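Because the structure is predicted, anything quoted here is derived from the model rather than measured.
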Amino acid sequence: MAKALRLAFVADIHHGENSFTKMGAHALPLLAEFRRFVAQARPDAVIDLGDRISDCDHATDLRLEQEVAEAFSAIAAPRFHLCGNHDRDHLSVAENEAILGQKLGHRIIDLGDWRLVLWAADSKIHRPGGFVLQEADLLWLAATVNAADRPLAIMSHVPISGHGQTGNYYFERNPEFSTYPGAERARAVLRQANVPVVCLSGHVHWNTLTTVDGIPHLTLQSLTESFTTLPEPAGSWGLLELDETITWTVHGKDPFSARVEAGETLRRWMTPLQPFHEHPELRLRHLALAAE
């Protein structure tokens, strides 16, 4: 492969008033620090994983989103945005597009030897109902994975790994809001990939690495979250370097790093065993033991 592709990430900026452990009043100063990091690191692209604001009402959200957009406008590198659930509580996708000056639907960007997939699956929390994994979004992802002729870096606001939330301030007791109902279908789509794959998301406000079917799923800590770094915000952003090795480094007060060989992400795992009491071989063995 050619020189490593370098991507800078920021997630869950939550500009606005402080809310629970989200220290939104620090968002714009921390974004200024992120801009300085980008200027020094000189990544090939900058990706915002969504939740730019903490929602309030339509008028306030328009102002907050515009202030974040102005902060991003000083970045010279190509930049791409996703909508998070807080960007969608009172604003439409079209309103977010108008503020950011770019389309926010599904996008494919080929950079170097890798293909960036911005999977803009519906990130609105419907009330009642929560997240909805729409069939059109899933079908688009399936077509993109099946057509891939180079490694894929797949970004979304909401993670699909299905990883546990024990210890998470927001989601330990609300796990149904940490991913999509039916996320296992999205994982099944990724299982069909014949090229290296890495997935990266925000939303859950902590750094994680979860490997499913050989595919690494990364989540990035929020820029303004404090539940892991009290009393200060984490000030987190990430740098993803992609070549034969996938290298992930999170900067700030909640640092994290991971390295995965890209070729190893092609290794698929054995289908998980069904519940023991349903497995015919184990059931017969247990019946035989009970009869002795």
Side-chain angles (χ1 to χ4, degrees), residues 7-38 43 45-107 116 118-125 131 155-159 170 177-178 200-207 219-226 233-238 250-252 254:
L7 306 173
F9 287 83
V10 66
D12 300 277
I13 296 163
H14 286 291
H15 174 42
E17 295 186 1
N18 292 346
S19 175
F20 293 90
T21 58
K22 298 187 286 283
M23 303 184 73
H26 293 260
L28 295 183
L30 287 171
L31 267 179
E33 292 186 28
F34 175 64
R35 289 199 307 271
R36 287 191 286 273
F37 169 79
V38 169
V46 171
I47 298 164
D48 151 40
L49 293 168
D51 271 1
R52 287 172 288 280
I53 65 169
S54 287
D55 65 278
C56 180
D57 55 54
H58 185 262
T60 303
D61 291 4
L62 284 172
R63 174 179 59 81
L64 293 173
E65 291 276 1
Q66 185 60 53
E67 290 169 352
V68 174
E70 289 170 1
F72 273 111
S73 67
I75 292 176
R79 56 185 170 85
F80 305 97
H81 301 269
L82 289 163
C83 280
N85 50 289
H86 287 273
D87 306 313
R88 292 283 288 107
D89 269 313
H90 302 292
L91 302 178
S92 67
V93 173
E95 286 172 315
N96 278 273
E97 289 176 335
I99 291 168
L100 294 165
Q102 64 179 251
K103 292 294 185 182
L104 297 176
H106 303 308
R107 283 149 288 168
L116 310 189
L118 280 89
W119 186 44
D122 183 22
S123 62
K124 185 177 179 65
I125 295 181
F131 287 121
M155 300 85 164
S156 61
H157 176 67
V158 180
Y170 289 99
F177 293 103
S178 69
L200 210 149
S201 305
H203 182 60
V204 288
H205 289 215
W206 61 358
N207 297 312
T219 64
L220 172 60
Q221 173 63 286
S222 157
L223 183 70
T224 56
E225 183 54 66
S226 69
S236 295
W237 51 76
V250 178
H251 299 264
D254 193 4

**Request:** Heavy atoms only: give me the nearest Ala25-Asn18 pair and the separation to one decimal.
**Result:** N-OD1, 3.0 Å
**Item:** Residue pair Arg107 / Gly105: nearest heavy atoms and the distance that separates them
**Value:** NE-O, 2.7 Å
**Message:** Can you give me the closest heavy-atom contact between Val204 and Pro159, atom names plus distance?
**Reply:** CG1-CG, 4.0 Å
**Message:** Within a 6.0 Å radius of atom CD on Gln102, are there more than 12 heavy atoms belonging to other residues, nucleotides or ligands?
**Reply:** yes
**Item:** Atom pair CG/CZ of Asp48 and Arg79 - distance to nearest 0.5 Å
**Value:** 9.0 Å
**Item:** Within-4.5 Å side-chain heavy-atom neighbours: Leu30 and Phe34
**Value:** no
**Message:** According to side-chain hydrogen bond (donor to acceptor under 3.5 Å, both in side chains), who are the partners of Thr21, at least two apart in sequence or on a separate chain?
**Reply:** Tyr170, Glu225
**Asked** So do the side chains of Ile125 and Phe177 get within less than 4.5 Å of each other, counting heavy atoms only?
**Response** yes
**Message:** Ignoring hydrogens, what is the shortest heavy-atom contact between His106 and Ala120? Give both atom names and the distance.
**Reply:** ND1-N, 2.9 Å
**Message:** Any heavy-atom pair between the side chains of Leu62 and Leu91 that's under 4.5 Å?
**Reply:** yes
**Prompt:** Between atom OG of Ser236 and atom CZ of Phe9, what is the distance when rounded to the nearest 0.5 Å?
**Reply:** 14.5 Å
**Complete:** What one should report as the nearest heavy-atom pair of Val46 and Ala77 is CG2-CB, 4.1 Å
**Asked** Under 3.5 Å, is there a donor-acceptor pair between the side chain of His90 and the main chain of Asp61?
**Response** no
**Item:** Qualifying residue for side-chain hydrogen bond (donor to acceptor under 3.5 Å, both in side chains) with Arg52, from His15, Glu65, His14
**Value:** Glu65
**Prompt:** Measuring from Phe80:CZ to Leu116:CG, what's the distance to the nearest 0.5 Å?
**Reply:** 7.0 Å
**Message:** Between Glu67 (side chain only) and Leu64 (backbone N and O only), is there a donor and an acceptor less than 3.5 Å apart?
**Reply:** no
**Pair Gln221-Asn207, side-chain donor/acceptor within less than 3.5 Å** = no
**Asked** For the atom pair CG (Asp51) and NZ (Lys22), what is the distance rounded to the nearest 0.5 Å?
**Response** 8.0 Å
**Prompt:** Going from CD1 on Ile13 to CG on Leu28, what distance comes out if it is rounded to the nearest 0.5 angstrom?
**Reply:** 9.0 Å
**Prompt:** Are side-chain N/O atoms of Asp55 and His86 paired as donor and acceptor at under 3.5 Å?
**Reply:** yes
**Prompt:** So, for Val158 and Ser178, which heavy atoms are closest and what is the spacing to 0.1 Å?
**Reply:** CG1-O, 4.0 Å
**Message:** Main chain of Glu95, side chain of Ser92: is a donor-acceptor contact present, judged purely on distance under 3.5 Å?
**Reply:** yes
**Message:** Counting C-beta onward and ignoring hydrogens, is there a side-chain heavy-atom pair between Gln66 and Arg63 closer than 4.5 Å?
**Reply:** no
**Prompt:** Does the separation of the ring centres of Phe37 and Trp237 fall below 6.0 angstrom?
**Reply:** yes
**Message:** Looking at Ser222 and Asp12, would you say the former's side chain and the latter's main chain have a donor-acceptor pair under 3.5 Å?
**Reply:** yes
**Message:** Under the criterion side-chain hydrogen bond (donor to acceptor under 3.5 Å, both in side chains), I'd like the reasoning laid out for Ser54 against Ser19: C-alpha separation, chi angles, the key distance, then a yes or no.
**Reply:** CA-CA 8 Å; Ser54 287; Ser19 175; 5.4 Å; no
**Asked** Do His157 and His203 have ring centroids that are under 6.0 Å from one another?
**Response** yes
**Between His81 and Phe72, ring centroids under 6.0 Å** = yes
**Prompt:** Is Leu220 close to Val250 at the side-chain level, that is, under 4.5 Å between some pair of heavy atoms?
**Reply:** yes
**Message:** Whether the side chain of Asn96 engages the backbone of Cys83 through a donor-acceptor N/O pair (distance < 3.5 Å, no angle test) should be reported.
**Reply:** no
**Message:** I'd like to check Val10 versus Leu49 (side-chain heavy atoms, cut-off strictly below 4.5 Å). Are they in contact?
**Reply:** no
**Request:** Enter the distance from Leu200:CG to Thr219:OG1 here, rounded to the nearest 0.5 Å.
**Result:** 8.0 Å
**Request:** For side chain to side chain contact (heavy atoms under 4.5 Å, CB included), just list the numbers for Asp87 and Lys124, CA-CA rounded to whole Å, side-chain angles, deciding distance to a tenth of an Å, and then say yes or no.
**Result:** CA-CA 8 Å; Asp87 306 313; Lys124 185 177 179 65; over 6 Å; no
